[in-house]
Amino acid sequence: MIEAKNLVKRYGTNEALHGISFKLEDKRIYGFLGPNGAGKSTTMNIITGCLAPTDGEVTVNGHDIFYEASAAKKCIGYLPEQPPLYNDMTPAEYLLYVGRAKGMKKEALENGVNDVIERTNLTPVADRLIKNLSKGYRQRVGIAQAILGDPDIIILDEPTVGLDPKQIIEIRELIRQLGEDHTVILSSHILTEISEVCDYVVIISDGYVVASDTIENLTTMFNGRAFVDMTVRADKQKLSQTLDTFDGILSYEIVSDEGRDIHARLEVTPERDVREDIFYKFAEQRLPIIAMSYEETTLEKVFLSLTAESTDTAAADGSEESEDSAESDAVEESEKSDSDGYSPIFGADNVSEDEGGNE
């Protein structure tokens with residue numbers, strides 16, 4: 001379990017996080033969403049121990065991420081947006097190196113490396129140099145190092161970047177499998193990806209957590225605003241008389257009247273799709289429907305609605321975080337936060353590249 005309490009992060013005079021708090025329970029798949037500059041990357045770096053907050057605390061399975069860094073980071077497998085790969089190693093050599101850095105012993109190490117190579121479909125390229133691999137395969141190597149050692153919590157930042165459609169499907173299935181026995185945190189700008197694999201969503205906007213709930217509950221919040229857009233060949237009076245007879249239509253608005261065609265927007269009962277009833281009623285009244293579409297509540301609409309107000313406010317007062325400057329500062333801050341030499345990626349005391357290359 002990860003619990004964040006009152007996290008604040010300042011870069012100079014700019015406050016990127018405004019005292020955010022959240023709790024991530026075991027064996028669930030969480031999606032982290034936020035527009036660019038919202039503070040999402042800053043939050044991800046803090047909960048993995050790569051960046052120290054200005055104020056607040058993070059505990060991982062009861063261990064403070066900074067005061068008990070070694071114990072906390074042993075629970076985490078982390079894939080950053082740019083995978084930490086060594087180009088002159090093969091995937092097999094690199095994973096052996098990472099496993100040793102994580103403190104894995106011989107038999108467990110060999111079995112673990114073989115397992116993650118198989119699970120991420122790296123077998124065909126396991127003995128090729130990483131620098132000669134495609135971007136998709138390099139991303140798989142990054143995922144493999146994150147899940148090596150079977151950590152309780154797996155954090156994946158944009159895990160499907162650079163993958164082809166078939167590979168994306170395979171990685172999504174792997175994430176679902178991991179969610180059965182692990183806590184998985186998935187950061188992505190692809191809303192369909194979050195909606196397909198995640199159980200819960202945390203939405204960050206302008207440095208605040210604006211939502212933290214299941215996708216079902218979030219969409220239910222907005223279900224009272226389902227709409228049908230339709231274009232009908234009729235006069236306004238006849239159209240209004242027909243629409244007034246429907247129980248499933250909560251309200252309607254005549255958007256435009258162009259010649260013989262009228263465009264109307266209907267607010268409808270979200271519990272059922274009323275388009276079939278509308279079709280038969282208008283056919284009975286001999287009112288031709290030229291076009292009709294149903295606007296469903298989606299995670300994208302929820303996301304845009306929840307982030308619109310805070311994003312507009314940030315733009316007005318100039319307080320929006322710059323991701324580039326944040327990441328630059330994060331590099332400097334991370335050097336300070338790892339005072340015990342414990343790697344935020346590997347989860348063990350740092351070993352040299354030369355030592356790993358001798359595997």
Side-chain angles (χ1 to χ4, degrees), residues 26-27 48-50 60-61 63 69-80 82-157 159-160 162-163 166-167 170-186 338 340-359:
D26 295 335
K27 297 182 181 180
T48 55
C50 296
V60 180
N61 288 350
H63 304 288
S70 295
K73 292 175 183 178
K74 283 180 181 177
C75 304
I76 297 175
Y78 180 37
L79 171 68
Q82 298 296 327
L85 306 179
Y86 294 133
N87 289 329
D88 291 331
M89 290 183 178
T90 67
E93 291 171 341
Y94 172 71
L95 292 171
L96 286 170
Y97 166 69
V98 172
R100 294 178 64 206
K102 290 185 176 185
M104 299 176 68
K105 304 304 179 182
K106 277 194 172 181
E107 185 176 351
L109 175 59
E110 292 177 4
N111 292 337
V113 168
N114 290 334
D115 178 60
V116 297
I117 285 177
E118 182 178 349
R119 295 174 77 178
T120 54
N121 292 321
L122 283 170
T123 303
V125 298
D127 296 319
R128 292 175 56 185
L129 291 178
I130 291 175
K131 65 182 178 183
N132 295 328
L133 300 183
S134 67
K135 186 175 182 180
Y137 273 118
R138 291 167 63 89
Q139 192 73 0
R140 291 192 196 196
V141 176
I143 295 173
Q145 66 80 23
I147 66 177
L148 182 62
D150 200 32
D152 294 335
I153 300 163
I154 299 170
I155 300 176
L156 307 174
D157 194 355
T160 59
L163 304 187
K166 183 176 183 295
Q167 293 170 336
E170 292 171 351
I171 295 301
R172 287 178 180 174
E173 182 57 34
L174 174 59
I175 292 171
R176 292 188 189 98
Q177 293 173 6
L178 292 172
E180 296 174 1
D181 300 306
H182 305 78
T183 300
V184 180
I185 302 171
L186 170 63
D338 282 316
D340 61 356
Y342 201 83
S343 167
I345 304 301
F346 301 145
D349 294 321
N350 295 331
V351 297
S352 69
E353 183 175 349
D354 290 338
E355 181 181 2
N358 292 332
E359 273 296 341

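By convention here, the first residue in the shown sequence is residue 1. For the numbers below, each heavy atom of this structure counts, side chains included, while hydrogens, waters and symmetry mates do not.
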Minimum-distance pair of heavy atoms, taken over all atoms of [X] and [Y]:
| X | Y | result |
| --- | --- | --- |
| Lys73 | Thr48 | CE-O, 3.9 Å |
| Ala146 | Leu156 | CB-CD2, 4.3 Å |
| Thr120 | Ile143 | CG2-CG2, 4.1 Å |
| Leu85 | Arg138 | CD1-O, 3.6 Å |
| Lys102 | Leu148 | NZ-O, 2.7 Å |
| Pro84 | Gln145 | CD-NE2, 4.2 Å |

About how many Å separate [atom2] of [Y] and [atom1] of [X], when rounded to the nearest 0.5 Å?
| X | Y | atom1 | atom2 | value |
| --- | --- | --- | --- | --- |
| Arg140 | Asn121 | CZ | CG | 5.0 Å |
| Lys27 | Asp181 | NZ | CG | 6.0 Å |
| Lys166 | Ile171 | NZ | CD1 | 10.5 Å |
| Asp157 | Leu186 | CG | CG | 9.0 Å |
| Asn87 | Ile130 | CG | CD1 | 7.0 Å |
| Met104 | Leu95 | CE | CG | 10.0 Å |

### Task
Please test Asp152 against Asp26 for side chain to side chain contact (heavy atoms under 4.5 Å, CB included), starting from the C-alpha separation and ending with a verdict.
CA-CA 8 Å; Asp152 294 335; Asp26 295 335; over 6 Å; no

### Task
Using modelled atom types only, decide if a donor and an acceptor are shared between the side chain of Arg119 and the backbone of Leu174 within a distance under 3.5 Å.
no

### Query
Under the 3.5 angstrom rule, does the side chain of Thr90 hit a backbone N or O of Glu93 as a donor-acceptor pair?
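Pair found, side chain donor or acceptor close to backbone of Glu93.
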
Side chains of [X] and [Y]: does their closest heavy-atom pair fall under 4.5 Å?
| X | Y | value |
| --- | --- | --- |
| Leu79 | Gln139 | yes |
| His182 | Asp150 | yes |
| Pro91 | Ile117 | no |
| Asn132 | Val125 | no |

### Task
Mind running salt bridge (charged side-chain N to carboxylate O under 4.0 Å, His left out) on Lys106 and Glu110 for me, showing each step along the way?
CA-CA 6 Å; Lys106 277 194 172 181; Glu110 292 177 4; over 6 Å; no

### Task
Would you mind telling me which of Ile175, Leu178, Asp115 makes a side chain to side chain contact (heavy atoms under 4.5 Å, CB included) with Ile147?
Leu178

### Query
Is the count of non-hydrogen atoms from other residues, nucleotides or ligands lying under 6.0 Å from Glu118 atom CD greater than 12?
no

### Message
For Gln82, I'd like to know if atom CD has over 12 heavy atoms of other residues, nucleotides or ligands within 6.0 Å.
### Response
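Open: at most 12 neighbouring heavy atoms sit under 6.0 Å from CD of Gln82.
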
